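A short write-up of the structure that comes next.
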Amino acid sequence: MIKHISEPELRAWVDSLLEGPPVYAPQARQGRFAFDRLRRSADLRLDYDVTILPPKKYFLPQQETLVRFTREGGFESAVEAEPFVLFGIHPYDLVAINQLDAIFARAPGDAHYLTRRHAATLVVLDVETVSEHHFAGGLGQATVDGNRDFDAMLTRLPDGSYVAEARTEKGRTLMDGLADAPDAGPESLAAREEVWIRNRKALRKHRLTMAPERIPELLADAHDHPIWEEKGALCYSCGACTLVCPTCYCFDVRDEWNPGLADGERVRTWDGCMFTQFAAVAGGHNFRKSRAARYRHRYFRKGKYVWDMIGEIACVGCGRCIGACTANIANPVEVYNRLQEDTP
Amino acid sequence: MTLAAPEPLADVYLPRPARVEEVTPLTDAEIFFRLRAEEPGMVHGLPGQFLEVTVPGIGEAPISISSSVTRRGHGGDDWTWEMVVRRAGNVTAAMHRLAPGDRIGLRGPFGTHFPVDSRETRGRDLLLIAGGLGLVPLRSAIQYVLDRRRDYGRVTILVGTRSPADRLFIGELAEWAEAPGVRVLETVDTASPDWDGHVGVITTLLPRVEVDNARTTAILCGPPIMYKFVLLELHKLGLPDARIWMSLERHMKCAVGKCGHCQINGRYACQDGPVYRYLDIARTPEAIG
């Protein structure tokens, strides 16, 4: 099911979706963009460049309850999720979500993540406005390839109309409201193809000098490269790069009492390997005590360790870390290009 | 890539209820616990594995199993675990306030185990080396081996402790030494006036033991610094890396290979550790940090 629709038709369709389960979509927030609950189609910003936080927050929230406990030692699972629509995901963020899907499904699977993920309908949106730090093109993630897991896809054509394609049963159900719209003809499909070709070239604000598959190999030989010390020496250990990263999934778990202290909740919150105490153990030993060791760990995770697990580079080229880093040391392209330069 | 079929999926983070059955202080800082599951369905686990222990409202901590499955009723629902907990963080401090009858939560057991049930050890001489709290998980392996004594060759147990006041399982050390073909050697780093045993770091015991390097499997459990020096000595004795096993301590927070806290380079110690064959981690830079 591939439809060709005008901007007003799109808005009317989105308004009809708002009568159903919650829709989360990109909206303007103080000069930038964020995914948030959509209340009216007029707030939808399909021309966004990049959101402050990636949409992973709907599957791995900043804070979520894992288990409810009572003081007497009763425990109850808090796995729960209501259906929702995640609307307007850029291709690189979809890649990140699919990587997290694979990681949280690896045995033993994480019921909290997977239940939420199954409750979601994912609508991908091709990039219209390139951000100053996008480099997904060099990683092959500027557009969606055929093997990704999502439900529908939207592309804005240069004339301001849209091509909407359903990819799954969920996607077809979501597009019920477009049943009367014309099917996309060869011309609009060709125009969509042009958008993809343009985006693959345009999302290269930083230029990777190697094929992405070369990154795990470069890192394998780079454990003692001076760059970790050089860049790490400037790191504030603030963790901003990890918190805005669409593929970071490390977490902390802690218990919180409810008022009255009769019961409470075990909550999971985002954590990051750039924080000083992340690899500390009881008794005081810290297995990644130096900033250089933590900085190196992050790039190895992105470029090698996740690759070793699921065969993908855990950097999708969104560029959020580059913008978030106060010390200006978080550009992955700079790091990987330097390793490439220094590797015979 | 396709998502696995939805539900029903067990919640791997859900603790199961258990009760504290025995609380016995061993030293100023370490308490021995016996815990009993309140529901059927859990297994005891093998030497080297760990449990996540919940004190409701305080949190969860990974604690090594110190008892052996060979001393627990097989197949029944009567599962108890022994462990020794040093007061170090919030959860272990809260555990030190527990009394018999108190309710806690358990998840696990998790992780890899010492190779007590395989050709790595069966029919071979065993060199078991414990430093400090490392004796706690190693006790599980020692009990297992002594309960199936005839499956193994000569057994040598080396135990190093900071000072006489920190010694653990003193009575059991003497019992183990009585078993046929078992040699137990102890040392303390710093002696007290009443100590008449060996004094020195654990490597000073190695010249006193006879090691047939073709027949011996070594199992180490202690702090990273002990591994560095013991490995040097074992290499001098001609023991190959493939015959050396060790447990790596990390903070296993989720225990299901997700949260990242226990990661050793690309490995999740909670899932593909904490027990490793040294050969498999010898070239992993963060392994013995």
Side-chain angles (χ1 to χ4, degrees), chain A residues 66-67 69-79 98 101-106 108-112 114-115 117-118 147-149 223-224 249-257 261 263-264 266 268 271 273 278-285 287-289 293 297 300-301 304-306 308-309, chain B residues 1-19 38 54-62 86-92 102-105 110 133 223-225 248-251 253-268 271 285-287 289:
Chain A
L66 294 180
V67 168
F69 62 83
T70 64
R71 188 172 49 197
E72 289 73 34
F75 303 101
E76 183 189 283
S77 173
V79 172
N98 283 178
D101 293 347
I103 285 160
F104 282 93
R106 278 178 108 223
D110 187 306
H112 298 267
L114 294 173
T115 302
R117 180 65 181 81
H118 286 296
N147 298 321
R148 294 293 166 187
D149 210 319
H223 188 268
D224 300 319
Y249 58 91
C250 286
F251 56 82
D252 192 22
V253 178
R254 63 168 190 272
D255 284 5
E256 288 181 355
W257 289 101
L261 304 184
D263 50 22
R266 173 159 293 169
R268 157 155 81 185
D271 204 345
C273 60
F278 187 76
V281 295
H285 193 81
F287 285 93
R288 254 173 254 115
K289 204 177 168 129
H297 185 71
F300 269 75
R301 266 191 81 114
K304 184 164 195 311
Y305 301 154
V306 171
D308 292 344
M309 281 195 285
Chain B
M1 187 190 333
T2 316
L3 273 181
E7 284 65 30
L9 195 63
D11 185 356
V12 292
Y13 302 108
L14 182 65
R16 293 170 184 245
R19 263 186 213 285
E38 291 220 284
T54 287
V55 181
I58 307 296
E60 204 176 36
R86 175 180 288 174
R87 190 173 45 237
N90 283 342
V91 179
T92 49
D102 284 350
R103 197 95 175 277
I104 52 151
F110 295 108
L133 269 189
I225 185 81
L248 299 184
E249 186 199 8
R250 291 295 186 280
H251 191 172
K253 205 150 204 169
C254 75
V256 291
K258 308 278 187 277
C259 82
H261 286 268
C262 72
Q263 220 177 356
I264 304 171
N265 294 108
R267 302 159 175 276
Y268 285 99
Q271 289 279 309
E286 288 181 349

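These numbers were taken from a predicted model, which means no experiment stands behind them. Note on naming: letters A, B, ... go to the chains in the order of the sequence lines (proteins, then strands), and numbering restarts at 1 for each one.
- Proximity to chain A is limited to the side chain of B:Q271, based on heavy atoms less than 4.5 angstrom apart.
- Ranked by heavy-atom pairs under 4.5 Å with chain A, the list B:I58, B:V12, B:V55 is led by B:I58.
- A side-chain donor-acceptor contact under 3.5 Å links A:H297 and B:Q263.
- Taking A:R71, A:R266, A:E256 one by one and counting their heavy-atom pairs under 4.5 Å with chain B, the maximum is reached by A:R266.
- Ranking A:D252, A:I103, A:L261 against chain B, the residue ahead of the rest is A:D252, based on heavy-atom pairs under 4.5 Å.
- When side chains are defined from C-beta on, A:T70 does not count as touching B:P56, because their heavy atoms never get closer than 4.5 Å.
- Within the 4.5 Å cutoff, the side chain of B:C254 has no heavy atoms near those of the A:V253 side chain.
- With a 4.5 Å cut-off on non-hydrogen atoms, A:D224 does not touch chain B at all.
- Of the listed residues (B:G59, B:A88, B:A18), the greatest number of heavy-atom pairs within a distance under 4.5 Å of chain A belongs to B:G59.
- Among the candidates B:H251, B:R86, B:E249, the residue making the largest number of heavy-atom pairs closer than 4.5 Å to chain A is B:E249.
- For chain A, the nearby part of B:Y268 is the side chain; its heavy atoms alone come within less than 4.5 Å.
- Note on A:E76, A:H112, A:K304: by heavy-atom pairs under 4.5 Å with chain B, the leading option is A:H112.
- In terms of heavy-atom pairs under 4.5 Å with chain B, the best-connected choice from A:M309, A:K289, A:R288 is A:R288.
- With a threshold of 4.5 angstrom between heavy atoms, B:V91 does not approach chain A through any atom at all.
- The only option from B:C262, B:P62, B:C259 that meets the side-chain contact (heavy atoms from CB on, under 4.5 Å) definition with B:K253 turns out to be B:C259.
- In this structure, A:N98 contributes its side chain and A:D149 its backbone to a donor-acceptor pair below 3.5 Å.
- Between B:I264 and A:F287, the closest side-chain pair of non-hydrogen atoms is not below 4.5 Å.
- Heavy atoms from other residues, nucleotides or ligands lying under 6.0 Å from CZ of A:R106 number 12 at most.
- The most heavy-atom pairs under 4.5 Å with chain B, out of A:G109, A:G284, A:C250, A:A293, come from A:C250.
- Each of B:P15, B:P17, B:G105, B:G89 has some count of heavy-atom pairs under 4.5 Å with chain A, and the biggest count is that of B:P15.
- Comparing A:A280, A:C273, A:P108, A:A282 by heavy-atom pairs within less than 4.5 Å of chain B, the highest count is held by A:P108.
- Residue contact with chain B, scored on non-hydrogen atoms closer than 4.5 Å, involves the side chain of A:D271 exclusively.
- When atom types are taken as modelled, the side chain of B:H261 and the backbone of A:F251 share a donor-acceptor pair closer than 3.5 angstrom.
- Both the backbone and the side chain of B:K258 come within less than 4.5 Å of a heavy atom in chain A.
- Between A:F300 and A:Y305, the two ring planes are tilted [angle within 30° to 60°].
- Across every non-hydrogen atom of A:W257 and A:D263, the tightest pair is CE3-O, 3.6 Å.
- In this structure, chain A has heavy atoms under 4.5 Å from both the backbone and the side chain of B:L14.
- Of the atoms belonging to B:T54, heavy atoms from both backbone and side chain fall under 4.5 Å from chain A.
- Looking at B:N265, the atoms closer than 4.5 Å to chain A (heavy atoms on both sides) sit in the backbone and in the side chain alike.
- Other residues, nucleotides and ligands contribute only 12 or fewer heavy atoms inside 6.0 Å of the CG atom of B:N90.
- At a threshold of 4.0 Å, the pair A:E72-B:R103 does not count as salt-bridged, since none of the basic side-chain nitrogens sits closer than that to a carboxylate oxygen.
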